[in-house]
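Counting convention: from 1, in listed order, for ligands and their atoms alike.
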Amino acid sequence: MSTPLLDPIPLRAQFPALQRTVNGQSAVFLDGPGGTQSPESVIDAMAGYLKSGSSNLGGPFLTSQETDAAADHARAAMMDMLNARRPEEIVFGQNMTSLTFALSRAISRQWQAGDEIIVTQIDHDANISPWLLAAEDRGVTVRWLDFHPENCTLALESLADLLSDRTRLIAINYASNAVGTINDVARVVAMGHSVGALVYVDAVHYAPHGLIDVQALDCDFLVCSVYKFFGPHTGVLYGKYDLLDRLTAYKVRPASNMPPGKWETGTQSFESLSGVVAAVDYLAGLGGGGGTRREQIIRGMGAIKRYEGTLSERFLHKATRIPGLRVFGLTDVEELDKRTPTFAVSLDGYTPEALATLLGERGFFVWHGHYYAVAVMERLGLLDRGGLVRIGFVHYNTIEEMDKLFATLQELAGK
Ligand SMILES: Cc1ncc(COP(=O)(O)O)c(C=O)c1O
(Lines give C-alpha, C1' and ligand atoms only; values in the text may rest on other atoms or scores of the structure.)
Protein backbone atom coordinates (compact mmCIF):
# COMPACT_ATOMS: atom_id res chain seq x y z
CA MET A 1 0.00 0.00 0.00
CA SER A 2 1.43 3.43 -0.96
CA THR A 3 1.74 6.45 1.35
CA PRO A 4 -1.76 7.93 1.83
CA LEU A 5 -2.35 11.64 1.20
CA LEU A 6 -2.94 13.63 4.34
CA ASP A 7 -5.80 16.12 4.50
CA PRO A 8 -5.60 18.12 7.74
CA ILE A 9 -9.14 19.52 7.53
CA PRO A 10 -11.09 16.39 8.61
CA LEU A 11 -8.30 15.51 11.06
CA ARG A 12 -8.58 18.88 12.79
CA ALA A 13 -12.17 18.10 13.79
CA GLN A 14 -10.75 15.41 16.09
CA PHE A 15 -8.74 18.00 18.09
CA PRO A 16 -10.99 20.00 20.44
CA ALA A 17 -8.27 22.56 21.27
CA LEU A 18 -7.85 23.50 17.61
CA GLN A 19 -11.38 24.93 17.65
CA ARG A 20 -10.40 27.73 20.08
CA THR A 21 -10.51 31.42 19.25
CA VAL A 22 -8.49 34.42 20.48
CA ASN A 23 -9.97 37.92 20.28
CA GLY A 24 -12.51 36.65 17.77
CA GLN A 25 -9.84 35.03 15.56
CA SER A 26 -9.31 31.28 15.13
CA ALA A 27 -6.32 30.25 17.20
CA VAL A 28 -3.36 29.11 15.09
CA PHE A 29 -1.25 26.59 16.98
CA LEU A 30 2.31 27.06 15.77
CA ASP A 31 3.76 25.92 19.08
CA GLY A 32 3.98 22.20 18.29
CA PRO A 33 7.73 21.99 19.10
CA GLY A 34 6.82 23.10 22.64
CA GLY A 35 3.90 20.67 22.88
CA THR A 36 1.15 19.44 20.56
CA GLN A 37 -2.61 19.22 20.97
CA SER A 38 -4.38 15.90 21.49
CA PRO A 39 -7.20 14.26 19.55
CA GLU A 40 -10.42 13.30 21.31
CA SER A 41 -9.34 9.63 21.31
CA VAL A 42 -6.36 10.45 23.57
CA ILE A 43 -8.49 12.55 25.91
CA ASP A 44 -11.15 9.81 26.08
CA ALA A 45 -8.57 7.10 26.79
CA MET A 46 -7.12 9.09 29.68
CA ALA A 47 -10.53 9.95 31.13
CA GLY A 48 -11.63 6.34 30.56
CA TYR A 49 -8.84 4.98 32.72
CA LEU A 50 -9.68 7.35 35.58
CA LYS A 51 -13.41 6.78 35.25
CA SER A 52 -13.22 3.01 35.33
CA GLY A 53 -11.09 3.04 38.47
CA SER A 54 -7.41 3.75 38.89
CA SER A 55 -5.09 1.47 40.78
CA ASN A 56 -1.46 0.30 40.85
CA LEU A 57 0.46 -2.62 39.36
CA GLY A 58 0.46 -6.23 40.46
CA GLY A 59 -2.66 -6.67 42.61
CA PRO A 60 -4.97 -9.72 42.41
CA PHE A 61 -8.10 -7.65 41.72
CA LEU A 62 -9.85 -6.12 38.73
CA THR A 63 -8.67 -2.49 38.64
CA SER A 64 -5.07 -3.50 39.30
CA GLN A 65 -5.24 -6.10 36.54
CA GLU A 66 -6.63 -3.42 34.23
CA THR A 67 -3.75 -1.14 35.25
CA ASP A 68 -1.24 -3.91 34.42
CA ALA A 69 -2.93 -4.22 31.03
CA ALA A 70 -2.81 -0.42 30.45
CA ALA A 71 0.96 -0.42 31.07
CA ASP A 72 1.47 -3.50 28.84
CA HIS A 73 -0.55 -1.94 26.02
CA ALA A 74 1.43 1.30 26.25
CA ARG A 75 4.71 -0.62 26.06
CA ALA A 76 3.49 -2.59 23.05
CA ALA A 77 2.39 0.65 21.36
CA MET A 78 5.77 2.34 21.90
CA MET A 79 7.55 -0.83 20.80
CA ASP A 80 5.68 -0.52 17.48
CA MET A 81 6.28 3.23 17.26
CA LEU A 82 10.05 2.91 17.72
CA ASN A 83 10.50 -0.61 16.27
CA ALA A 84 12.07 -1.96 19.46
CA ARG A 85 12.84 -5.68 19.55
CA ARG A 86 10.86 -6.42 22.70
CA PRO A 87 8.51 -4.55 25.08
CA GLU A 88 11.06 -4.66 27.92
CA GLU A 89 13.20 -2.24 25.91
CA ILE A 90 10.57 0.48 26.52
CA VAL A 91 10.79 2.46 29.78
CA PHE A 92 8.29 5.12 30.83
CA GLY A 93 9.07 8.11 32.99
CA GLN A 94 7.98 11.59 33.91
CA ASN A 95 9.54 13.24 30.86
CA MET A 96 12.63 13.04 28.67
CA THR A 97 14.69 15.24 31.00
CA SER A 98 14.07 13.10 34.09
CA LEU A 99 14.77 9.87 32.20
CA THR A 100 18.03 11.32 30.85
CA PHE A 101 19.19 12.39 34.31
CA ALA A 102 18.46 8.86 35.57
CA LEU A 103 20.30 7.19 32.68
CA SER A 104 23.26 9.59 32.76
CA ARG A 105 23.74 8.79 36.42
CA ALA A 106 23.62 5.05 35.78
CA ILE A 107 25.77 5.05 32.63
CA SER A 108 28.43 7.32 34.11
CA ARG A 109 29.08 4.91 37.00
CA GLN A 110 31.18 2.99 34.48
CA TRP A 111 33.30 5.98 33.44
CA GLN A 112 36.88 6.50 34.67
CA ALA A 113 38.77 9.76 35.10
CA GLY A 114 40.36 10.60 31.76
CA ASP A 115 37.51 9.10 29.72
CA GLU A 116 35.78 11.34 27.19
CA ILE A 117 32.23 12.03 26.04
CA ILE A 118 30.82 14.07 23.15
CA VAL A 119 27.84 16.44 23.30
CA THR A 120 26.70 18.74 20.51
CA GLN A 121 26.12 22.43 20.15
CA ILE A 122 22.79 21.76 18.36
CA ASP A 123 21.17 19.79 21.19
CA HIS A 124 18.42 20.82 23.58
CA ASP A 125 19.92 21.29 27.05
CA ALA A 126 18.17 18.16 28.31
CA ASN A 127 20.68 16.13 26.28
CA ILE A 128 23.64 18.29 27.36
CA SER A 129 23.45 19.23 31.04
CA PRO A 130 22.82 15.71 32.40
CA TRP A 131 26.03 14.59 30.63
CA LEU A 132 28.05 17.67 31.67
CA LEU A 133 27.10 17.10 35.30
CA ALA A 134 27.88 13.38 35.12
CA ALA A 135 31.23 14.16 33.46
CA GLU A 136 32.05 16.62 36.25
CA ASP A 137 31.22 13.99 38.87
CA ARG A 138 33.47 11.40 37.21
CA GLY A 139 36.38 13.58 36.06
CA VAL A 140 35.54 12.95 32.42
CA THR A 141 36.52 15.27 29.54
CA VAL A 142 33.68 16.76 27.49
CA ARG A 143 34.19 17.38 23.77
CA TRP A 144 31.76 19.51 21.79
CA LEU A 145 30.58 18.79 18.26
CA ASP A 146 29.89 22.12 16.56
CA PHE A 147 27.38 23.09 13.86
CA HIS A 148 27.76 25.40 10.88
CA PRO A 149 26.04 28.63 11.92
CA GLU A 150 25.25 29.63 8.33
CA ASN A 151 22.79 26.75 7.81
CA CYS A 152 22.68 25.11 11.27
CA THR A 153 23.88 21.69 10.07
CA LEU A 154 26.15 19.62 12.30
CA ALA A 155 29.88 19.77 11.52
CA LEU A 156 30.02 15.98 11.13
CA GLU A 157 33.27 16.26 9.20
CA SER A 158 34.96 17.09 12.53
CA LEU A 159 33.45 14.18 14.48
CA ALA A 160 36.27 11.77 13.59
CA ASP A 161 38.78 14.18 15.21
CA LEU A 162 36.74 14.27 18.44
CA LEU A 163 36.54 10.49 18.75
CA SER A 164 39.18 8.41 20.49
CA ASP A 165 39.45 5.05 22.19
CA ARG A 166 38.55 6.92 25.41
CA THR A 167 35.17 8.10 24.05
CA ARG A 168 32.48 6.51 26.19
CA LEU A 169 29.34 8.21 24.90
CA ILE A 170 27.93 10.50 22.22
CA ALA A 171 24.73 12.41 23.08
CA ILE A 172 23.03 13.56 19.89
CA ASN A 173 19.84 15.25 18.85
CA TYR A 174 17.78 13.56 16.10
CA ALA A 175 16.31 16.93 15.12
CA SER A 176 16.79 20.40 16.54
CA ASN A 177 13.81 21.84 18.42
CA ALA A 178 15.16 25.33 17.66
CA VAL A 179 16.10 25.36 13.97
CA GLY A 180 14.59 22.09 12.70
CA THR A 181 17.76 20.45 11.36
CA ILE A 182 17.53 16.64 11.12
CA ASN A 183 20.88 15.11 11.99
CA ASP A 184 22.43 12.05 10.37
CA VAL A 185 22.06 9.94 13.49
CA ALA A 186 22.79 6.60 11.78
CA ARG A 187 26.20 7.92 10.72
CA VAL A 188 26.94 9.21 14.22
CA VAL A 189 25.94 5.85 15.72
CA ALA A 190 28.21 3.97 13.32
CA MET A 191 31.12 6.30 14.07
CA GLY A 192 30.52 6.09 17.82
CA HIS A 193 30.34 2.31 17.75
CA SER A 194 33.58 2.12 15.76
CA VAL A 195 35.41 3.30 18.91
CA GLY A 196 33.16 1.43 21.35
CA ALA A 197 31.13 4.48 22.50
CA LEU A 198 27.45 4.32 23.43
CA VAL A 199 25.11 6.63 21.50
CA TYR A 200 22.18 8.33 23.26
CA VAL A 201 19.65 9.91 20.90
CA ASP A 202 17.18 12.68 21.78
CA ALA A 203 14.24 12.14 19.41
CA VAL A 204 11.85 14.48 21.24
CA HIS A 205 11.60 16.99 18.41
CA TYR A 206 11.86 14.47 15.60
CA ALA A 207 9.09 12.12 16.76
CA PRO A 208 6.01 14.00 15.40
CA HIS A 209 7.70 14.58 12.04
CA GLY A 210 9.34 11.34 10.92
CA LEU A 211 9.50 7.59 11.35
CA ILE A 212 11.80 6.27 14.07
CA ASP A 213 13.44 2.87 13.71
CA VAL A 214 15.80 2.11 16.57
CA GLN A 215 16.91 -1.15 14.97
CA ALA A 216 17.87 0.56 11.72
CA LEU A 217 19.65 3.35 13.63
CA ASP A 218 21.30 0.78 15.93
CA CYS A 219 21.38 3.47 18.66
CA ASP A 220 21.90 2.28 22.23
CA PHE A 221 19.31 4.60 23.75
CA LEU A 222 16.63 6.88 22.32
CA VAL A 223 14.29 9.16 24.24
CA CYS A 224 11.10 10.94 23.28
CA SER A 225 8.12 12.65 24.89
CA VAL A 226 4.55 11.74 24.05
CA TYR A 227 3.23 15.29 24.49
CA LYS A 228 5.21 16.26 21.40
CA PHE A 229 3.35 13.71 19.30
CA PHE A 230 -0.27 14.40 20.21
CA GLY A 231 -0.38 12.48 23.47
CA PRO A 232 -0.03 13.13 27.19
CA HIS A 233 2.91 14.41 29.24
CA THR A 234 4.93 11.22 29.59
CA GLY A 235 8.54 10.46 28.68
CA VAL A 236 9.68 7.29 26.89
CA LEU A 237 13.11 5.73 26.83
CA TYR A 238 14.20 2.98 24.46
CA GLY A 239 17.33 1.09 25.48
CA LYS A 240 18.94 -2.04 24.09
CA TYR A 241 17.85 -4.84 26.41
CA ASP A 242 21.31 -6.03 27.39
CA LEU A 243 22.30 -2.47 28.40
CA LEU A 244 19.13 -1.91 30.41
CA ASP A 245 19.77 -5.25 32.04
CA ARG A 246 23.49 -4.77 32.70
CA LEU A 247 23.52 -1.17 33.97
CA THR A 248 22.84 -0.54 37.63
CA ALA A 249 19.71 1.57 38.17
CA TYR A 250 19.16 3.92 41.09
CA LYS A 251 16.05 2.31 42.48
CA VAL A 252 14.26 1.36 45.68
CA ARG A 253 14.89 -2.16 47.03
CA PRO A 254 11.45 -3.74 46.47
CA ALA A 255 11.34 -2.63 42.81
CA SER A 256 12.07 -5.21 40.12
CA ASN A 257 15.68 -5.98 39.25
CA MET A 258 14.76 -6.52 35.63
CA PRO A 259 14.08 -4.05 32.81
CA PRO A 260 11.87 -2.16 32.39
CA GLY A 261 10.71 -2.19 36.04
CA LYS A 262 14.14 -1.38 37.50
CA TRP A 263 14.15 1.91 35.54
CA GLU A 264 10.58 2.97 36.25
CA THR A 265 10.94 4.68 39.61
CA GLY A 266 7.80 5.08 41.69
CA THR A 267 4.30 4.96 40.26
CA GLN A 268 3.73 5.82 36.62
CA SER A 269 0.91 8.03 35.37
CA PHE A 270 -1.37 5.21 34.20
CA GLU A 271 -3.92 7.62 32.77
CA SER A 272 -1.08 8.95 30.61
CA LEU A 273 -0.04 5.45 29.59
CA SER A 274 -3.64 4.89 28.45
CA GLY A 275 -3.27 8.08 26.38
CA VAL A 276 0.04 6.84 24.93
CA VAL A 277 -1.77 3.91 23.29
CA ALA A 278 -4.35 6.26 21.77
CA ALA A 279 -1.64 8.66 20.51
CA VAL A 280 0.24 5.83 18.76
CA ASP A 281 -3.04 4.46 17.37
CA TYR A 282 -3.87 7.94 16.06
CA LEU A 283 -0.59 8.04 14.11
CA ALA A 284 -1.19 4.48 12.89
CA GLY A 285 -4.67 5.56 11.80
CA LEU A 286 -3.13 8.14 9.46
CA GLY A 287 -1.61 5.20 7.59
CA GLY A 288 -4.99 3.68 6.72
CA GLY A 289 -6.17 0.18 7.55
CA GLY A 290 -4.36 -3.03 6.73
CA GLY A 291 -1.21 -4.70 7.95
CA THR A 292 0.36 -4.56 11.39
CA ARG A 293 0.31 -1.45 13.56
CA ARG A 294 3.99 -0.89 12.74
CA GLU A 295 3.16 -1.00 9.02
CA GLN A 296 0.37 1.52 9.56
CA ILE A 297 2.74 3.77 11.53
CA ILE A 298 5.27 3.59 8.70
CA ARG A 299 2.59 4.75 6.24
CA GLY A 300 1.16 7.32 8.65
CA MET A 301 4.53 8.94 9.32
CA GLY A 302 5.20 8.84 5.57
CA ALA A 303 1.98 10.79 5.01
CA ILE A 304 2.99 13.33 7.67
CA LYS A 305 6.45 13.77 6.18
CA ARG A 306 5.08 14.31 2.68
CA TYR A 307 2.46 16.83 3.83
CA GLU A 308 4.92 18.70 6.07
CA GLY A 309 7.31 18.91 3.12
CA THR A 310 4.70 20.93 1.24
CA LEU A 311 4.29 23.20 4.27
CA SER A 312 8.07 23.76 4.53
CA GLU A 313 8.44 24.48 0.84
CA ARG A 314 5.66 27.06 0.93
CA PHE A 315 7.04 28.63 4.11
CA LEU A 316 10.52 29.04 2.68
CA HIS A 317 9.20 30.54 -0.57
CA LYS A 318 6.93 32.98 1.25
CA ALA A 319 9.58 33.94 3.81
CA THR A 320 11.80 35.38 1.06
CA ARG A 321 9.05 37.91 0.21
CA ILE A 322 8.81 39.47 3.69
CA PRO A 323 11.28 42.33 4.00
CA GLY A 324 13.50 41.99 7.08
CA LEU A 325 12.42 38.40 7.85
CA ARG A 326 15.39 36.09 8.36
CA VAL A 327 15.09 32.31 8.65
CA PHE A 328 17.90 30.59 10.56
CA GLY A 329 18.83 27.03 9.52
CA LEU A 330 18.36 25.20 6.23
CA THR A 331 16.50 27.35 3.70
CA ASP A 332 17.24 25.40 0.52
CA VAL A 333 14.02 23.79 -0.77
CA GLU A 334 16.17 21.02 -2.27
CA GLU A 335 17.07 19.96 1.28
CA LEU A 336 13.60 19.67 2.79
CA ASP A 337 14.25 16.09 3.87
CA LYS A 338 16.99 17.42 6.17
CA ARG A 339 14.67 19.62 8.23
CA THR A 340 11.38 19.59 10.10
CA PRO A 341 8.84 22.40 9.50
CA THR A 342 10.20 24.25 12.55
CA PHE A 343 11.47 27.71 11.66
CA ALA A 344 13.49 30.02 13.90
CA VAL A 345 13.13 33.56 12.57
CA SER A 346 13.85 37.20 13.30
CA LEU A 347 12.06 40.24 11.91
CA ASP A 348 13.86 43.56 11.65
CA GLY A 349 12.48 46.18 14.00
CA TYR A 350 11.09 43.70 16.54
CA THR A 351 12.61 41.88 19.48
CA PRO A 352 11.67 38.18 19.47
CA GLU A 353 9.50 38.79 22.53
CA ALA A 354 7.70 41.75 20.93
CA LEU A 355 7.04 39.80 17.73
CA ALA A 356 5.77 36.72 19.58
CA THR A 357 3.53 38.92 21.74
CA LEU A 358 2.03 40.74 18.75
CA LEU A 359 1.43 37.43 16.99
CA GLY A 360 -0.06 35.98 20.18
CA GLU A 361 -2.57 38.85 20.39
CA ARG A 362 -3.65 38.00 16.85
CA GLY A 363 -4.13 34.33 17.76
CA PHE A 364 -0.83 32.90 16.46
CA PHE A 365 0.78 30.81 19.19
CA VAL A 366 4.57 30.95 18.78
CA TRP A 367 7.45 30.72 21.25
CA HIS A 368 10.37 33.11 21.51
CA GLY A 369 13.76 32.92 23.25
CA HIS A 370 15.97 29.83 23.37
CA TYR A 371 13.39 27.08 24.13
CA TYR A 372 16.14 25.39 26.22
CA ALA A 373 18.34 25.09 23.11
CA VAL A 374 20.74 27.44 24.87
CA ALA A 375 23.81 26.06 23.09
CA VAL A 376 22.22 26.82 19.71
CA MET A 377 21.45 30.41 20.63
CA GLU A 378 24.88 30.85 22.18
CA ARG A 379 26.56 29.60 18.97
CA LEU A 380 24.40 31.93 16.86
CA GLY A 381 25.36 34.83 19.17
CA LEU A 382 21.71 35.38 20.10
CA LEU A 383 21.52 34.14 23.68
CA ASP A 384 21.82 37.61 25.19
CA ARG A 385 19.69 39.19 22.50
CA GLY A 386 16.40 37.43 23.20
CA GLY A 387 16.97 34.41 20.94
CA LEU A 388 14.57 33.94 18.03
CA VAL A 389 10.88 33.46 17.32
CA ARG A 390 10.04 29.81 16.65
CA ILE A 391 7.24 29.07 14.21
CA GLY A 392 6.57 25.34 14.37
CA PHE A 393 4.17 23.46 12.12
CA VAL A 394 2.83 19.96 12.58
CA HIS A 395 0.50 17.94 10.35
CA TYR A 396 -2.69 19.55 11.73
CA ASN A 397 -1.63 23.00 10.52
CA THR A 398 -3.09 24.15 7.21
CA ILE A 399 -1.95 26.15 4.20
CA GLU A 400 -4.65 28.70 5.10
CA GLU A 401 -3.11 29.17 8.53
CA MET A 402 0.29 29.71 6.98
CA ASP A 403 -1.07 32.24 4.50
CA LYS A 404 -2.79 34.12 7.34
CA LEU A 405 0.49 34.17 9.25
CA PHE A 406 2.37 35.60 6.28
CA ALA A 407 -0.31 38.26 5.73
CA THR A 408 0.25 39.33 9.36
CA LEU A 409 4.05 39.24 9.04
CA GLN A 410 3.78 41.34 5.86
CA GLU A 411 1.67 43.89 7.74
CA LEU A 412 4.10 43.97 10.70
CA ALA A 413 7.15 44.18 8.42
CA GLY A 414 5.72 47.27 6.76
CA LYS A 415 5.43 49.19 10.05
C1 LIG B 1 14.59 18.37 21.47
C2 LIG B 1 14.09 18.29 22.87
N3 LIG B 1 14.72 17.52 23.75
C4 LIG B 1 14.31 17.41 25.02
C5 LIG B 1 13.22 18.12 25.48
C6 LIG B 1 12.80 17.94 26.91
O7 LIG B 1 11.71 17.10 26.95
P8 LIG B 1 10.84 16.92 28.27
O9 LIG B 1 9.98 18.12 28.39
O10 LIG B 1 10.06 15.67 28.02
O11 LIG B 1 11.78 16.76 29.41
C12 LIG B 1 12.53 18.95 24.61
C13 LIG B 1 11.40 19.76 25.10
O14 LIG B 1 11.08 20.78 24.55
C15 LIG B 1 12.97 19.03 23.26
O16 LIG B 1 12.34 19.81 22.38
Side-chain angles (χ1 to χ4, degrees), residues 29-38 74 78 81-82 90-105 119-133 145 147 152 154 170-183 185 188 199-210 212 217 219 221-238 263-265 268-269 272-273 275-276 279 328-329 339-344 356 365-379 387-394:
F29 288 79
L30 299 173
D31 59 341
T36 48
Q37 306 310 309
S38 293
M78 283 311 302
M81 170 106 179
L82 303 180
I90 300 295
V91 174
F92 291 106
Q94 188 183 357
N95 48 49
M96 177 275 183
T97 306
S98 305
L99 285 166
T100 302
F101 269 111
L103 263 291
S104 63
R105 207 167 171 213
V119 296
T120 91
Q121 202 78 38
I122 208 165
D123 269 80
H124 183 286
D125 208 55
N127 204 27
I128 298 178
S129 280
W131 305 112
L132 299 187
L133 293 167
L145 179 61
F147 66 84
C152 299
L154 266 183
I170 305 176
I172 169 105
N173 197 309
Y174 205 150
S176 162
N177 67 308
V179 289
T181 314
I182 297 172
N183 298 312
V185 171
V188 173
V199 182
Y200 190 96
V201 180
D202 171 3
V204 172
H205 179 65
Y206 184 76
H209 303 293
I212 297 173
L217 290 175
C219 54
F221 301 97
L222 180 141
V223 262
C224 54
S225 264
V226 191
Y227 74 97
K228 309 280 188 175
F229 57 90
F230 320 107
H233 292 89
T234 285
V236 185
L237 166 86
Y238 155 81
W263 298 102
E264 292 184 338
T265 45
Q268 298 297 309
S269 166
S272 290
L273 297 194
V276 168
F328 290 72
R339 65 142 46 253
T340 65
T342 295
F343 301 96
F365 299 171
V366 297
W367 286 100
H368 67 89
H370 55 61
Y371 354 100
Y372 281 40
V374 281
V376 173
M377 293 305 158
E378 203 169 46
R379 182 68 178 91
L388 292 168
V389 169
R390 181 178 64 186
I391 303 172
F393 295 85
V394 291

Trainee: If you have a sec, work out which protein heavy atom is nearest atom 10 (O) of ligand 1 and how many Å separate them, to one decimal?
Mentor: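 Protein heavy atom with the smallest distance to atom 10 (O) of ligand 1: Ser225 OG, 2.4 Å.
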
Trainee: Could you tell me whether some N/O pair between Ala126 and ligand 1 is separated by less than 3.5 angstrom?
Mentor: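 Among all N and O atoms of Ala126, none is under 3.5 Å from an N or O of ligand 1.
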
Trainee: Is it the case that Thr120 and Asp123 place a side-chain donor and acceptor less than 3.5 Å from each other?
Mentor: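 Judged by distance alone, the side chains do pair up.
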
Trainee: Compare all side-chain heavy atoms of Asn177 with those of Val204 and state whether any distance is below 4.5 angstrom.
Mentor: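 The answer is no; the side chains never approach within 4.5 Å.
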
Trainee: Using a 4.0 Å heavy-atom cut-off, which part of Asp202 comes near ligand 1: side chain, backbone, both, or neither?
Mentor: side chain

Trainee: Should the proximity of His124 to ligand 1, defined as any heavy atom under 4.0 Å, be assigned to the side chain, the backbone, both, or neither?
Mentor: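 His124 to ligand 1: side-chain contact only, backbone stays beyond 4.0 Å.
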
Trainee: Output yes when the distance from some N or O of ligand 1 to some N or O of Thr97 is under 3.5 Å, and no in every other case.
Mentor: yes

Trainee: Looking at Asn127, Ile172, Thr100, which hits side chain to side chain contact (heavy atoms under 4.5 Å, CB included) with Asp202?
Mentor: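 With Asp202 as partner, side chain to side chain contact (heavy atoms under 4.5 Å, CB included) holds for just one option, Asn127.
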
Trainee: Looking at non-hydrogen atoms alone, which of His205, Gln94, Lys228 comes nearest to atom 13 (C) of ligand 1?
Mentor: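 Looking at heavy atoms only, Lys228 sits closest to atom 13 (C) of ligand 1.
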
Trainee: Is Asn173 close to ligand 1, meaning an N/O of one under 3.5 Å from an N/O of the other?
Mentor: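 Checking ligand 1 against Asn173, no N or O pair falls under 3.5 Å apart.
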
Trainee: Taking non-hydrogen atoms only, is Val204 closer than 4.0 angstrom to ligand 1 via side chain, backbone, both or neither?
Mentor: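 Side chain only.
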
Trainee: Tell me: protein heavy atom nearest atom 9 (O) of ligand 1, and distance?
Mentor: Tyr227 OH, 2.5 Å

Trainee: Look at the rings of Phe365 and Phe29 and say which category their plane angle falls in: under 30° parallel, 30 to 60° tilted, over 60° perpendicular.
Mentor: perpendicular

